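Any value given below was found using the heavy atoms of this structure, including those in side chains, with hydrogens, waters and symmetry copies removed. Since we're looking at a predicted model, the values are computed, not measured.
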Amino acid sequence: MTTLFIGGIGMQEVLLIALVVLLFFGGKKIPELMKGLGKGVRSFKEGMNEMEKDIKEKPEEEKK
């Protein structure tokens, strides 16, 4: 049984990537990297929400 992830990446490949990341960055740096990644994702979502809000407001302003 093969578990497929994005683009056909299997469980063995995911484990190999995780091992390489652990060896490359070390155990202490990984939480910092994940924190930075989380902040980036949050910032991206806020930007998208602002764009959606601006798009919804524009047609209302044009009607006036």
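Leu33 and Phe24 fall within a single hydrophobic cluster, where Ile, Leu, Val, Met, Phe, Trp and Tyr are joined by side-chain heavy atoms under 4.5 Å apart, directly or via other members.
Taking NZ of Lys29 as the start and CG of Leu22 as the end, the distance is 14.0 Å to the nearest 0.5 Å.
Asn49 is listed as a side-chain neighbour of Glu52, based on a closest heavy-atom distance under 4.5 Å.
Judged by distance alone, the side chain of Glu50 and the main-chain N or O of Gly47 form no donor-acceptor pair under 3.5 Å.
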